[in-house]
Amino acid sequence: MTGPENATVGGVSEGESSKNGHGLDLKVEQLESEVRALERETKAIRQLLERAMEHRQKSHSELVLLLAGLVSKLPINEVGVVVSRLVEHNAQVGQFHAAIGRGAMDTVFVEQPVLQTLEQTRKGLLAAIKPVVEELIQSEPPFEKEMLASLSTQPDNFFSPGMVRANRCFLKGHVPRERIVREFGNDALALFNDLTTDPKLNPRPKAEEIVLCFKDDFTSQLELLASLPEEKKRALLELYQRVQRSKGSTEPARLQKGAFQRLSFLIELLHYYEHQNTEAPDVLFAQRLPALVEQLVITGPDDPLDEKLILSAEQLLGFVISPDHRRMIINNIGKGGGPAKTLKYVLRLRCDKVQDLDLSIAELVKHLIPPSQKPPPEKVAVILRLLQPEVQRLVVKAIMRYEKIRKPEAEALGKAIGTSLGLQGLEQLARVHADLPVEVERQMAWGKIKDLILQRKDATVVAAAIRERLNAKYDGDEIRQSWITLTEADPMSLIKIFCQLPYLANGKTDSIARTVMEAYISRLTHEKYAATYNKVVNSLRTMFHAKPDSPTLLNFIALARWANPDAANRLCADVGVKN
């Protein structure tokens, strides 16, 4: 290459280099300005974040203080444990906020055990639903197979209108009209009776809400129905047979209903845990689930309890996270009495940690041995075999000391039951009476007083019995139990006994009367006993309208004012009596 060419090339390269350098300077300046803008924006965001964190921390601390104050006022056990958990949670939130403020983004906030348990329970419920659905499908119930199968992946379909109607029809042995029309056509309606349409009560129901049942002569009419194809006749006959099998009392029908009840329990519980903000726990744990447990375990009014079914019910109860909710389910079983009530006490005593063990045993004994009756020992032993040997021994001990039957009969009955159970040392149990549990002894004593109230004994007699017991065993538990006993009486009996309680037979006032009256009035006006308060106010208001100067009315208000003037003023305002 010649010299001039080299010079030309070199000149062009230098010019291009200067242009490129100028462009880079412009880009650097632009980037620096963007960096400064980002720094200002980051600083502003950090200030907002610090302000939000400070506000969040203060509001969370105030919320924890409010919760701790409310919890400390509740009449529950282990209040200190709940408050300590709240304080610990508040400390963890403070540490987390402080770590974020320092820029420690790798700090992981510890997930609360309740949230971990909730997520594990949801996964366990979802895993348990699928095999139950498959079991129910294999039992060939009168459900649409696709509808049942969808519950494995979409449990909320259980609460869809179509599924709700199908569930009701399954339990009652009916079929929805919409299904018959869809699968077999309008001609098949001649084989059914309409259970929904009523000329007066429900003349024009919605078509999808109509429920049908098979006519008594269904099979003969099915053969005569010429407008229905043979294939549909066979399918309709198969549906009829499925409905009849599910309505029967055979073992396959019982297993089918048991699978349906377990499925209902699991889906209802899962739905609650996924919608806790909108679902009321009392409706689920006090009404729906107890009924499902009863239907699952109780096979008949005279059938003994089956331990396999009890184990199945306990497995379902194991999915309930809160111990209080489990106790709520168990305590609401057996409200109608009979074997279901026995199931309630059995489930309660089979728990790992039994609250008020002595009280539960006393209630079981009272249920197993009705007043003035002596049940066969083997019948009681069959029930006690469902319990642990240690609990069996405690129940037999309570039976041998039961005061509703004569002492020799109680000891003989307890020995016979213990022998049937294979328990040893029954003679010692019969001889030793000094170590009677305090709670059992208390329940027996107040049970006698309750019997006096139920027998309509004079108020002075009942008040004397209460005074005698409170003077012999004067503590907070006795006063509480005395109030509970009074609340179980009718309001007029409560008012009359309350008026007689402070006065001794010689006309003097009992030394503990004022303390007891204060406890009664504070409980009466507490929101926990709002139902009792309303009943008492209604009775006093009726008394006031009938006779404003009634001695019972004036005495009750005077005693209330003596114990608690503020509560008395509220009582007078609600009754309509001028102070």
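Given the structure is predicted, the values throughout are model-derived calculations rather than measurements. Side chains included, hydrogens not; waters and symmetry mates left out as well; all remaining heavy atoms used.
Shortest non-hydrogen contact noted between Gly248 and Lys257 is O-NZ, 4.4 Å. Contact record, Arg467 with Asn471: O-ND2, 2.7 Å, taken as the closest heavy-atom pair. Taking every heavy atom of both residues into account, Met400 and Lys415 meet most closely at CE-CG, 4.0 Å. Scanning both residues, Thr299 and Arg254, for their nearest heavy atoms gives CG2-CD, 3.6 Å. In this structure, Glu518 and Ala563 approach most closely via the heavy-atom pair CG-O, 3.4 Å. Among all heavy-atom pairs drawn from Ile333 and Ile329, the shortest one is CG1-O, 3.2 Å.
Considering only heavy atoms from C-beta on, Leu305 comes within 4.5 Å of Ile298 through its side chain. Using a 4.5 Å heavy-atom threshold, the side chains of Val297 and Lys308 count as separate. The side-chain heavy atoms of Leu349 and Gln392, taken from C-beta on, include no pair separated by under 4.5 Å. Using a 4.5 Å heavy-atom threshold, the side chains of Lys535 and Asn538 count as separate. Under the 4.5 Å side-chain criterion, counting only non-hydrogen atoms from C-beta, Lys397 is not in contact with Arg393. Contact of the Arg561 side chain with the Leu571 side chain is not registered, since no non-hydrogen atoms from C-beta on lie closer than 4.5 Å. No side-chain heavy atom of Leu559 sits under 4.5 Å from any side-chain heavy atom of Leu501. No side-chain heavy atom of Lys457 sits less than 4.5 Å from a side-chain heavy atom of Ile497.
Under a 3.5 Å cut-off, the side chain of Arg122 and the backbone N or O of Glu274 do not form any donor-acceptor pair. Judged by distance alone, with hydrogens and angles left aside, the side-chain atoms of Tyr402 form no donor-acceptor pair with the main-chain N or O of Lys407 at under 3.5 Å. No donor-acceptor pair closer than 3.5 Å links the side chain of Arg262 to the backbone N or O of Leu292. Of the possible polar contacts, none joining the Arg327 side chain to the Arg348 backbone as a donor-acceptor pair under 3.5 Å is found. Thr196 contributes a side-chain N or O that, together with a main-chain N or O of Val211, makes up a donor-acceptor pair within less than 3.5 Å. The closest donor-acceptor contact from the side chain of Asp510 to the backbone of Ala513 lies at 3.5 Å or more, if one exists at all. Using a distance-only test at 3.5 Å, with no hydrogens or angles considered, a donor-acceptor pair links the side chain of Ser522 to the main chain of Ala519.
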Table please: side-chain donor-acceptor pairs of residues 377-389 below 3.5 Å, with sequence neighbours left out.
residue: Glu378; atom: OE1; partner: Ser420; partner atom: OG; Å: 2.8
residue: Glu378; atom: OE2; partner: Arg385; partner atom: NH1; Å: 3.1
residue: Glu378; atom: OE2; partner: Arg385; partner atom: NH2; Å: 3.4
residue: Arg385; atom: NH2; partner: Ser420; partner atom: O; Å: 3.3
residue: Arg385; atom: NH2; partner: Ser420; partner atom: OG; Å: 3.1

Practice problem: Under the side chain to side chain donor-acceptor pair (under 3.5 Å) rule, what do Gln443 and Gln481 come out as? Steps first, then yes or no, please. | Solution: CA-CA 8 Å; Gln443 290 298 320; Gln481 188 61 46; 3.3 Å; yes
Practice problem: Please report the C-alpha distance between Arg442 and Arg469 in whole Å, then the side-chain angles of each, then the deciding distance to 0.1 Å, and finally whether the side chain to side chain contact (heavy atoms under 4.5 Å, CB included) criterion is met. | Solution: CA-CA 9 Å; Arg442 180 184 296 126; Arg469 175 64 187 179; 4.0 Å; yes
Self-check item: Verdict with reasoning, Arg288 to Asp282, per salt bridge (charged side-chain N to carboxylate O under 4.0 Å, His left out)
Solution: CA-CA 9 Å; Arg288 298 179 188 170; Asp282 293 346; over 6 Å; no
Quiz item: Is there a side chain to side chain contact (heavy atoms under 4.5 Å, CB included) between Leu289 and Glu294 once you walk through the steps?
Solution: CA-CA 9 Å; Leu289 299 188; Glu294 278 189 35; over 6 Å; no
Practice problem: Evaluate side chain to side chain contact (heavy atoms under 4.5 Å, CB included) for Lys172 paired with Cys213, printing each intermediate quantity in order. | Solution: CA-CA 9 Å; Lys172 296 182 179 181; Cys213 72; over 6 Å; no
Exercise. List the steps, then state whether salt bridge (charged side-chain N to carboxylate O under 4.0 Å, His left out) holds for Arg326 with Glu314.
Key: CA-CA 10 Å; Arg326 285 197 293 271; Glu314 289 175 335; over 6 Å; no
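The cationic group of Arg570 lies under 6.0 Å from the six-membered ring centre of Tyr533 and within 45° of the ring axis, placing it in a cation-pi geometry.
Within 6.0 Å of atom CD in Glu409, more than 12 heavy atoms from other residues, nucleotides or ligands are found, so the atom counts as buried in its surroundings. Within 6.0 Å of CZ on Arg168 lie no more than 12 heavy atoms contributed by other residues, nucleotides or ligands. When the shell of 6.0 Å around NZ of Lys496 is examined, it contains 12 or fewer heavy atoms from other residues, nucleotides or ligands.
Thr552 and Asn555 share no donor-acceptor pair across their side chains, judged by distance under 3.5 Å alone.
To the nearest 0.5 angstrom, Tyr345 atom OH is 7.0 Å from His367 atom NE2. Taking CZ of Arg165 as the reference point, atom CG of Asn167 lies at 11.0 Å (rounded to 0.5 Å). Interatomic distance, Thr532 OG1 to Arg523 CZ, rounded to the nearest 0.5 Å: 12.0 Å. Note that the CG atom of Leu125 and the CD1 atom of Ile267 stand 10.0 Å from one another [nearest 0.5 Å]. Thr121 contributes atom OG1, which lies 8.0 Å from atom CG of Leu269 (distance to the nearest 0.5 angstrom). Separation of atoms CG (Leu394) and OG (Ser360) is listed at 11.5 Å; rounding is to 0.5 Å.
Classification of the Tyr529-Trp483 ring pair by plane angle, with boundaries at 30° and 60°, yields perpendicular. Classification of the Phe159-His271 ring pair by plane angle, with boundaries at 30° and 60°, yields tilted.
By the salt bridge (Lys or Arg N to Asp or Glu O under 4.0 Å) test, Lys450 is found to be paired with Glu488, residues two or more places apart in sequence or in another chain being considered.
Separation of the Phe285 and Tyr272 ring centroids falls under the 6.0 Å cut-off.
When Asp477, Ile449, Leu470 are each tested for a side chain to side chain contact (heavy atoms under 4.5 Å, CB included) with Ser482, only one passes: Leu470.
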